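A short worksheet on the structure shown next.
Not measured: the values here are computed from a predicted model. All chains are named by letter (A, B, ...) in the order of the sequence lines, taking the proteins before the strands, and each is independently numbered beginning at 1.
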Number of protein chains: 2
Amino acid sequence: MAYDDKIYQLGINYTLAIIGGKWKSAIICQLGLQSQRPLELQRHLVGISPKVLTKQLRQLEADGIVSRTTCGTVPPKVVYGLTAAGRSLRETLVTLSIWGEQMATQSTTPITIIHDSSEIF
Amino acid sequence: MAYDDKIYQLGINYTLAIIGGKWKSAIICQLGLQSQRPLELQRHLVGISPKVLTKQLRQLEADGIVSRTTCGTVPPKVVYGLTAAGRSLRETLVTLSIWGEQMATQSTTPITIIHDSSEIF
DNA sequence: CAGGATCCTACCCGATACTG
DNA sequence: CAGTATCGGGTAGGATCCTG
């Protein structure tokens with residue numbers, strides 16, 4: 001009963017602690033598309049400030065979700081990407097996405113969305 | 001592509017907004033076991049205060065995850081349960097739980113693994 | 001017993017400016 | 001260009017008391 005449920009809860013809380021940040025899931029999604037440099041990320045995540053971006057990246061890095069690669073020193077060049085764990089985490093986000101899309105549209109069947117790119121970015 | 005990702009994000013954010021509260025997922029887990037009265041919930045969710053419990057329940061109710069049933073007026077009796085949407089949401093939490101359990105066990109801190117999930121659902 | 005009303009604290013995030 | 005420092009605000013959540 002409550003015993004098993006607590007174990008159950010541990011995994012959930014662990015996962016939520018990782019993706020809980022405001023931009024964490026968006027970062028994971030973006031880096032899932034392709035590895036990117038901070039400035040590229042910042043362009044995609046409209047509204048994020050450099051400070052917050054760095055902080056969330058650091059946390060994701062500490063959690064083993066994101067990898068950070070530095071190439072060069074004088075013109076700083078850094079590339080962020082997903083680790084294996086990050087890619088598997090991204091898979092689980094699909095579940096949340098699908099559920100959310102279905103609920104948001106008050107629909108019981110999977111939806112197909114056709115969008116203008118202008119509407120998106 | 002970027003715009004697939006954006007759509008993707010909407011569903012994720014929608015879902016995270018619902019389960020984002022500190023006790024939300026625990027409440028959903030508990031009510032998944034069986035419908036309960038507030039005081040029972042409070043006993044299971046060790047550390048939660050009545051105010052916060054009520055607040056999170058109200059939010060979950062507003063999101064269509066939790067149902068609230070009142071029987072009687074003078075000795076207040078209320079029972080909370082999961083709606084159909086709540087039960088389906090609980091299903092998706094399993095994904096998070098499994099991923100979290102796996103990741104947590106791969107790190108240095110040893111924790112007990114969930115034994116039999118059939119007992120929980 | 002359910003749950004509202006207050007007060008209070010901590011933390012997350014945003015804006016901005018700065019450094020190597 | 002990557003990342004840091006500083007300041008400030010909004011808010012979730014905790015503690016406590018109170019009521020129908």
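Where B/Lys51 and B/Gln42 each meet DNA chain C at their nearest nucleotide, the meeting point lying more 5' is that of B/Gln42. Between A/Pro76 and A/Pro50, it is A/Pro76 whose nearest contact on DNA chain D lies nearer the 5' terminus. Heavy-atom distances to DNA chain D give each of B/Ser49 and A/Tyr80 a nearest nucleotide, and the one nearer the 5′ end belongs to A/Tyr80.
Listed by chain and residue number, B/Glu61 satisfy the salt bridge (Lys or Arg N to Asp or Glu O under 4.0 Å) test with B/Arg58 (two or more places apart in sequence, or in another chain).
C/dA2 atom C1' lies 8 Å from atom CZ of B/Arg68, rounded to whole Å. Remark: C1' of C/dG3 and CD1 of B/Ile27 are 14 Å apart, rounded to the nearest angstrom.
A/Leu89 is not listed as a side-chain neighbour of A/Leu82, based on a closest heavy-atom distance of 4.5 Å or more.
For the pair A/Thr15 (side chain) and B/Ser97 (backbone), a donor-acceptor distance under 3.5 Å is absent. For B/Thr70 (side chain) and B/Val78 (main-chain N/O), no donor-acceptor pair under 3.5 Å exists by modelled atom type.
Note on B/Arg58: a side-chain N or O is less than 4.0 Å away from OP1 or OP2 of C/dG4.
Within the nucleic acid shown, B/Pro38 comes within 4.0 Å of sugar-phosphate atoms alone, with no base atom in reach, counting heavy atoms only.
Residues A/Leu53 and A/Val79 are members of separate hydrophobic clusters, defined by side-chain heavy-atom contacts under 4.5 angstrom among Ile, Leu, Val, Met, Phe, Trp and Tyr.
Protein chain A contacts DNA chain D from D/dC1 to D/dT6, reading 5' to 3' and using non-hydrogen atoms of the protein with a distance under 4.0 Å.
A donor-acceptor pair shorter than 3.5 Å can be found between the side chains of A/Gln59 and A/Lys24.
The minimum heavy-atom distance linking B/Tyr8 with A/Val94 is given by the pair OH-CG2, 3.0 Å. Across all non-hydrogen atoms, the minimal contact from A/Ile12 to B/Cys29 is CD1-SG, 3.8 Å.
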Between protein and nucleic acid, restricted to nucleotides 10-12 of chain C and to nitrogen or oxygen atoms under 3.5 Å apart, what atom pairs and distances do you find?
none

